[in-house]
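Hydrogens, waters and symmetry mates are skipped; everything else that's a heavy atom, side chains included, is used.
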Amino acid sequence: MSEPPRFDRGHTDDLMSFLAASPTPYHAVANAAERLEKAGFRQVAETDAWDGTAGGKYVLRGGAIIAWYVPDGAAAHTPFRIVGAHTDSPNLRVKPRPDSGAHGWRQVAVEIYGGPLLNSWLDRDLGLAGRLSLRDGSTRLVDVDRPLLRVPQLAIHLDRAVNSDGLKLDKQRHMQPVWGLGDSVRDGDLIAFLEETTGVPAGEVTGWDLMVHPVEPPAYLGRDRELVAGPRMDNLLSVHAGTAALAAAAARGSHLSYIPVLAAFDHEENGSQSDTGADGPLLGSVLERSVHARGGSLEDRARALAGTVCLSSDTGHAVHPNYAERHDPTHHPRVDGGPILKVNVNNRYATDGSGRAVFAAACEKAGVPFQTFVSNNAMPCGTTIGPITAARHGIRTVDIGVAILSMHSVRELCGAKDPFLLANALTAFLEG
């Protein structure tokens with residue numbers, strides 16, 4: 001029997017605020033942590049000894065967050081229910097020597113991160129955000145959320161064949177943004193500008209992780225405002241839904257039969273192989289330490305993981321009205337049709353039949369419809385953190401998500417209902 005939904009259109013409004021406030025993975029996890037703090041969670045340091053007390057806790061590491069809620073009386077071998085997601089999106093990231101330019105233009109040297117649709121970054125008003133590392137070992141978030149940079153496209157008069165032969169962009173030569181005028185390039189100008197902007201004393205910034213972002217805010221779109229256009233939906237849409245679902249599940253307290261977990265990783269877009277990626281040790285360390293903090297043994301850990309299920313939540317492809325032939329002819333996920341179950345028999349997604357049953361039960365409990373996605377056999381299939389999580393930790397994992405258009409564009413498109421349908425399904429799953 002389905003339960004009344006926990007989330008409605010207000011969830012989508014809040015998602016848009018979350019997207020606008022999270023231009024980088026570092027901002028995204030800080031915003032998720034702030035929401036969890038309001039729900040009663042507290043941060044624990046990896047360098048401290050952990051206790052086995054009940055309640056909500058979370059760990060921050062770079063652009064990743066792992067959060068979990070231990071109900072009163074939870075045994076050491078209590079299984080986990082995990083919502084997995086990722087915080088990073090394809091974009092342009094500042095190089096170690098950022099100051100460049102030519103022919104009277106001042107530019108910022110950038111490197112391509114992940115697999116962005118390069119053309120979508122052209123002729124956009126762009127800001128700059130990220131993390132500054134200071135001389136004393138501390139870090140400072142920075143967000144210049146105003147038109148600061150632009151990657152100008154070549155005029156059609158100088159590329160007459162662009163509309164017939166297609167746009168061809170060289171990642172090194174054509175994607176460097178301009179941010180001012182000047183004949184001389186002075187090393188240190190960009191970082192000095194950011195020091196002044198953030199109020200950091202000159203010369204105190206010794207390291208940086210900076211990335212470019214569009215400053216146009218998310219917006220409802222369409223005659224009836226039934227669509228949402230915005231940046232970084234892949235995959236902050238899932239991070240936001242998972243955060244809301246974990247807070248809602250924690251509100252049930254001792255009624256939970258599982259330990260609900262949110263695992264939002266960085267670096268999915270370039271392979272997940274980092275200390276904050278899904279292929280790193282972070283999740284396994286947190287789960288193991290949680291078991292041991294409650295007095296558990298190696299046997300208890302093995303029992304807990306054997307009963308654990310992870311929903312790997314990431315965006316997927318809605319059927320495109322102009323390119324329907326690129327999709328499987330019998331699987332056409334639609335926006336606002338509910339979350340999608342992602343299947344690939346070659347294990348690019350981790351879903352199997354038993355995992356499908358778990359997700360179907362959660363959707364039925366939440367009163368949420370769901371769809372199935374499978375790739376056209378003639379098209380390569382993408383992948384997610386799902387297979388990595390399953391293989392690394394031996395956890396049954398199911399790949400799901402929300403169907404969108406324009407994936408990896410600077411501005412993606414989803415249905416206005418799908419975000420809160422996903423959040424309701426995730427809540428039902430975490431509650432067990």
Exercise. Establish, from distance only, whether the side-chain atoms of Glu37 and Tyr58 form a donor-acceptor pair under 3.5 Å.
Key: yes
Quiz item: Between atom SG of Cys414 and atom CG of Asp234, what is the distance when rounded to the nearest 0.5 Å?
Solution: 11.5 Å
Quiz item: What do you reckon, are the aromatic ring centroids of Tyr258 and Phe80 less than 6.0 Å apart?
Solution: no
Self-check item: Side chains of Arg140 and Leu194 in contact at under 4.5 Å (non-hydrogen atoms)
Solution: no
Exercise. Measure up the His327 and His332 rings against each other and bin them: parallel (under 30°), tilted (30 to 60°), perpendicular (over 60°).
Key: perpendicular
Quiz item: At their closest point, which heavy atom of Ala362 faces which heavy atom of Ala425, and how far apart are they?
Solution: CB-O, 3.9 Å
Quiz item: For Phe359 and Phe429, what are the C-alpha separation, side-chain angles and deciding distance, and is it a ring-ring contact (aromatic ring centres under 6.0 Å, His included)?
Solution: CA-CA 7 Å; Phe359 184 60; Phe429 165 74; 8.4 Å; no
Quiz item: What closest approach, in Å, do Trp50 and Ala293 show between heavy atoms, and which atom pair accounts for it?
Solution: O-CB, 3.9 Å
Self-check item: His27 and Asp143: side chain donor to acceptor below 3.5 Å
Solution: no
Quiz prompt | Exercise: do Asn91 and Ser89 side chains pair donor with acceptor under 3.5 Å | solution = no
Quiz prompt | Close side-chain approach of Val410 and Pro231, heavy atoms under 4.5 Å | solution = no
Self-check item: Thr384 and Asp314 side chains, donor-acceptor separation under 3.5 Å
Solution: no
Quiz prompt | Closest non-hydrogen atom pair between Pro218 and Ala20, with its separation | solution = CD-CB, 3.9 Å
Quiz item: Is there a side-chain contact between Met16 and Val228 (heavy atoms, below 4.5 Å)?
Solution: yes
Self-check item: Evaluation steps, side-chain contact (heavy atoms from CB on, under 4.5 Å), between Ile65 and Leu36
Solution: CA-CA 11 Å; Ile65 182 171; Leu36 291 172; 4.2 Å; yes
Practice problem: Show your working on side-chain contact (heavy atoms from CB on, under 4.5 Å) between Val402 and Ile340 and close with a plain yes or no. | Solution: CA-CA 6 Å; Val402 161; Ile340 56 174; over 6 Å; no
Quiz item: Would you say Ser297's side chain and Asp300's backbone share a donor-acceptor pair under 3.5 angstrom?
Solution: yes
Quiz item: To the nearest 0.5 Å, how far apart are CG in Leu246 and OG1 in Thr427?
Solution: 9.0 Å
Quiz item: So does Arg232 pair up with Glu412, basic N to acidic O under 4.0 Å?
Solution: no
Quiz item: Are Glu216 and Arg124 close enough that some pair of their side-chain heavy atoms sits under 4.5 Å apart?
Solution: yes
Self-check item: Non-hydrogen atoms of Pro25 and Thr87 that approach each other most closely
Solution: CB-OG1, 3.3 Å
Quiz prompt | Residue pair Ala318 / Val335: nearest heavy atoms and the distance that separates them | solution = CB-CG1, 3.8 Å
Exercise. Report, as yes or no, whether the 6.0 Å neighbourhood of atom CZ on Arg9 holds more than 12 heavy atoms from other residues, nucleotides or ligands.
Key: yes
Quiz item: Short question: side chain of Arg334, backbone of Val319 - any donor-acceptor pair under 3.5 Å?
Solution: no
Self-check item: Whether Tyr349 and Phe373 hold their rings parallel, tilted or perpendicular, with breakpoints at 30° and 60°
Solution: perpendicular
Quiz item: Val398 versus Ile400: any side-chain heavy-atom pair under 4.5 Å?
Solution: yes
Quiz item: Donor-acceptor pair, Asn424 side chain versus Phe7 backbone, under 3.5 Å?
Solution: yes
Quiz item: Is it true that a side-chain atom of Arg289 and a backbone atom of Glu46 form a donor plus acceptor pair closer than 3.5 Å?
Solution: yes
Quiz prompt | Glu226 atom CD, over 12 foreign heavy atoms within 6.0 Å | solution = yes
Self-check item: Distance-only side-chain donor-acceptor flag, Thr315 / Asn235, under 3.5 Å
Solution: no
Quiz prompt | Neighbour count above 12 (heavy atom, 6.0 Å) for Arg303 CZ | solution = no
Quiz item: Would you say the side-chain atoms of Thr24 pair up with the backbone N or O of Tyr26, donor to acceptor, closer than 3.5 Å?
Solution: yes
Practice problem: Quick one: do His408 and Glu269 satisfy side-chain contact (heavy atoms from CB on, under 4.5 Å)? Show the steps, please. | Solution: CA-CA 10 Å; His408 286 201; Glu269 297 293 356; 3.3 Å; yes
Quiz item: Quick check: are there more than 12 heavy atoms from other residues, nucleotides or ligands sitting under 6.0 Å from CG of Asn322?
Solution: yes
Exercise. Compare all side-chain heavy atoms of Asp13 with those of Phe18 and state whether any distance is below 4.5 angstrom.
Key: no
Quiz prompt | Straight-line distance of Leu132 CG to Thr206 OG1, nearest 0.5 Å | solution = 9.5 Å
Quiz prompt | pair Arg150-Leu126: side-chain heavy atoms closer than 4.5 Å | solution = no
Quiz item: So Thr389 and Asp279, side-chain contact (heavy atoms from CB on, under 4.5 Å) or not? Walk me through it.
Solution: CA-CA 7 Å; Thr389 303; Asp279 203 18; over 6 Å; no
Return a table of donor-acceptor pairs under 3.5 angstrom between the side chains of residues 260-267 and protein atoms on other chains or two or more places apart.
from: His267; atom 1: ND1; to: Ser274; atom 2: OG; distance (Å): 2.6
from: His267; atom 1: ND1; to: Thr276; atom 2: OG1; distance (Å): 3.3

Quiz item: Any donor and acceptor pair, going by atom type alone, linking the side chain of Arg252 with main-chain N or O of Ala248 inside 3.5 Å?
Solution: no
Quiz item: Quick one: does Gln107's side chain have a donor or acceptor within less than 3.5 Å of a partner on Ser100's backbone?
Solution: no
Quiz item: With no hydrogens and no angle check, is any side-chain donor or acceptor of Arg81 less than 3.5 Å from a backbone partner on Cys310?
Solution: no
Quiz item: Does Ser409 reach the main-chain N or O of Leu117 with its side chain, forming a donor-acceptor pair under 3.5 Å?
Solution: no
Quiz item: Can you list the steps and then say if His213 with Asp145 is a side chain to side chain donor-acceptor pair (under 3.5 Å)?
Solution: CA-CA 8 Å; His213 69 275; Asp145 193 29; 3.2 Å; yes
Self-check item: Between CG on residue Leu190 and CG on residue Leu128, distance to nearest 0.5 Å
Solution: 6.0 Å
Practice problem: Verify the distance criterion only: is there a donor paired with an acceptor across the side chains of His174 and Gln153 at less than 3.5 Å? | Solution: no
Quiz item: More than 12 foreign heavy atoms under 6.0 Å from NZ of Lys57: is that the case here?
Solution: yes
Self-check item: Salt-bridge present (Glu111, Arg93; N to O < 4.0 Å)
Solution: no
Quiz prompt | Within the 6.0 Å centroid threshold, strictly below: Trp179 and Phe193 | solution = yes
Quiz item: Would you find more than 12 non-hydrogen atoms of other residues, nucleotides or ligands less than 6.0 Å from Lys171 atom NZ?
Solution: no
Quiz item: Quick one: does Arg294's side chain have a donor or acceptor within less than 3.5 Å of a partner on Gly52's backbone?
Solution: no
Quiz item: Looking only at heavy atoms, what is the nearest atom pair of Tyr220 and Arg225, with distance?
Solution: CD1-NH2, 3.1 Å
Quiz prompt | Side-chain ion pair, Asp51 and Arg42, N-O less than 4.0 Å | solution = yes
Exercise. Measure the CG-CD1 distance between Leu118 and Ile112 for me, rounded to the nearest 0.5 Å.
Key: 5.5 Å
Quiz item: With a 4.5 Å heavy-atom cut-off, do Pro387 and Asp399 have their side chains touching?
Solution: yes
Quiz prompt | Euclidean distance, Met379 CE relative to His317 NE2, rounded to 0.5 Å | solution = 8.5 Å
